Amino acid sequence: MKKLISLILIAILALGAFAGCTKTAAGFTIAVPNDTTNEARALRLLEANGLIKLKADAGETATKLDIEENPYNITITEIEAAQLPSLLKDVDFAVINSNYAAGAGLNPGRDALIREGAESPYANILAVKAGNENEPKLLALKAALESQAVADYFLAHGSELGAVGVVENLTDGYDPAIDYDALNGVTVTVAATPTPHALVLNEVVKGILSAKGITLEVVEFTDYVQPNNVVDTGEIDANYFQHQPYLDDFNAQNGTNLVSIAAIHVEPLGLYGGKLSTLDALKGSAK
C-alpha cells in the first residue's frame, strides 16, 4: 500500500461503554472493539474506573490478555467496532466508538455514566497520499476544519456528538496564503464515517469551501479500512474518520506514513447504561 500522510489532526473518536443485558452466573460480559488501538483504549477506560487492572507493561496495543486483575469477573469479548451497537442486547456492556454510538441513537454527552477526560490522545486525522499534503485544495480543507464555524458547531451539538472543540487559534475558515481564485471550480473529495465527520463536513465545511467556488464531495463509509484504501489508490483525495494511534498501528501494519498537524476536537470515551442503568450491580459483584 502506498504511503499516506495525514494532513491534520482533527478529532477524537470517543469510545463509549453501553449496557446491554444483565449479569449471568459466570460474571459480566463487556464487548470491546477488536482493532488493536481501540481495544487498548477501551481497556484503559475500564482500568481508570477500577473495573480491571492491566499489566504494568501493557501499552497502546494492550489486549484482554494483558489484564492482570479482574475483581468483577468480567469477560472481554472482541467485536468489530461497527457491529457493537447491534450487539448490545447480547452482552452486559459494550465499548463503542462514539460515532457508531451516536449513529445508533445514543447520546454520548447526556447518557455517559463515566467519561474519558478531554485530554485524551485519541484524535482523528485528515489523511492524504504522501506528497499531497501541501496541495492548495487540501490546505483549504484544513483551514475550513480549523474554523470558528466548526468550533461553534461542536459547541452547539457536542452533547449528541460527544465532541468538544480544542483548537486554540481558530481561523475564519480560510488560509491567507492560499490563492482561492485559482481553486474556483475545483472539487475535493473526502472519505468519512457518518458521525460526526460527514456531518461536520456537509453541514459546515462544505459551505465554507463553496463560498470560494470549491466543491466538497463527501463519501461515507461505515468501516475503518476502506477509507484508507480509497485514498491510497487515489480514488479519493483525503479521509477523515480515524485517530492517530489507530493510524500509527495502520502505518506499522501496512507500511504507510502519516503525520498530524492540528487537533480540532475531542470526543471523550464514556460508559453508558442500558438494561443496567448504573454500575451498582457490577461493582457489588467484586470477588
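Worth saying up front: this structure is predicted, and the values here are computed from it rather than measured. For reference, positions follow the sequence shown, starting with 1.
The distance from atom CD1 of I214 to atom CG of L209, rounded to the nearest 0.5 Å, is 5.0 Å. Here CG of D223 is found 9.5 Å from OG1 of T193. Values are rounded to the nearest 0.5 Å. Here E135 contributes atom CD and L139 contributes atom CG; the two are 9.0 Å apart, rounded to the nearest 0.5 Å. Y72 contributes atom OH, which lies 10.5 Å from atom CZ of F28 (distance to the nearest 0.5 angstrom). Note: I236 CD1 to N229 CG = 10.5 Å, rounded to the nearest 0.5 Å. We find the CD-CD distance between E168 and E146 to be 11.5 Å, quoted to the nearest 0.5 Å.
You'll find the side chain of E133 stays beyond 4.5 Å of the side chain of L138, heavy atoms only. With contacts defined as side-chain heavy-atom distances shorter than 4.5 Å, the pair D248/T37 does not qualify. P136 has its side chain out of reach of D179: every pair of non-hydrogen atoms, C-beta onward, lies at least 4.5 Å apart. For the pair L51 and I74, the minimum side-chain heavy-atom distance is below 4.5 Å. Residues L183 and I178 meet the side-chain proximity criterion, which asks for heavy atoms closer than 4.5 Å. Contact of the I52 side chain with the L43 side chain is registered, since non-hydrogen atoms from C-beta on lie closer than 4.5 Å. Proximity of V219 to F221: side-chain heavy atoms (C-beta onward) are separated by under 4.5 Å at one or more points. Put simply, the side chain of V32 does not reach to within 4.5 Å of the side chain of T77, judged on heavy atoms.
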Subject >> Residues N38, H243; criterion side chain to side chain contact (heavy atoms under 4.5 Å, CB included); working and verdict >> reply: CA-CA 9 Å; N38 279 319; H243 56 59; 2.9 Å; yes

**OP:** Output, in order, the C-alpha distance, side-chain angles, deciding distance and verdict of side chain to side chain donor-acceptor pair (under 3.5 Å) for N228 and Q242.
**Re:** CA-CA 10 Å; N228 276 340; Q242 60 198 322; 2.9 Å; yes

**OP:** Show your reasoning for whether side chain to side chain contact (heavy atoms under 4.5 Å, CB included) applies to V190 and L141.
**Re:** CA-CA 10 Å; V190 184; L141 178 60; 3.6 Å; yes

**OP:** Mind running side chain to side chain contact (heavy atoms under 4.5 Å, CB included) on T215 and V186 for me, showing each step along the way?
**Re:** CA-CA 6 Å; T215 297; V186 166; over 6 Å; no

Original post:
Does the side chain to side chain contact (heavy atoms under 4.5 Å, CB included) test come out yes or no for Q244 and I125, once each step is laid out?
Top reply: CA-CA 7 Å; Q244 188 65 54; I125 66 167; 3.4 Å; yes

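With respect to D237 and K137, a salt bridge is recorded, a charged nitrogen being found less than 4.0 Å from a carboxylate O.
Residue A82 comes nearest to P85 through the heavy atom pair O-CD, 3.6 Å, listed as atom of the first residue, atom of the second, then distance. Contact detail for L170 and Q148: the closest heavy-atom pair is CD1-OE1, 3.0 Å. S147 and D172 make their closest contact through CB-C, 4.3 Å (heavy atoms, listed as atom of the first residue, atom of the second, distance). Annotation for P108 and L106: closest pair CD-O, 3.4 Å, computed over non-hydrogen atoms. P33 and V95 get closest at one heavy-atom pair: CD-O, 3.2 Å. The two residues V218 and A198 come nearest to each other via the heavy atoms CG1-CB, 4.0 Å.
No more than 12 heavy atoms of other residues, nucleotides or ligands sit less than 6.0 Å from atom NZ of K53. Other residues, nucleotides and ligands place more than 12 heavy atoms under 6.0 Å from the CD atom of E80.
Ring geometry for Y153 versus H157: interplanar angle of 30 to 60°, hence tilted. Between Y224 and F241, the angle of the ring planes lies from 30° to 60°, which puts this pair in the tilted group.
Side-chain N or O atoms of N132 include none that pairs as donor or acceptor with a backbone N or O of V128 at under 3.5 Å. Side-chain atoms of T195 never come within 3.5 Å of backbone atoms of G103 as a donor-acceptor pair (strictly under, hydrogens ignored).
For the 3.5 Å distance criterion, the side chains of H197 and N239 fail to qualify, holding no donor opposite an acceptor.
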Donor-acceptor contacts, no H, no angles, side chain residues 56-69, under 3.5 Å, sequence neighbours left out:
unit_1	atom_1	unit_2	atom_2	d
T63	OG1	L65	N	3.2
K64	NZ	I76	O	3.4
D66	OD2	T63	N	2.9

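Cluster annotation: L155 is not connected to L201 through the hydrophobic network of ILVMFWY side chains, with a link wherever side-chain heavy atoms come within less than 4.5 Å.
Between Y174 and Y180, the ring centre distance stays below 6.0 Å.
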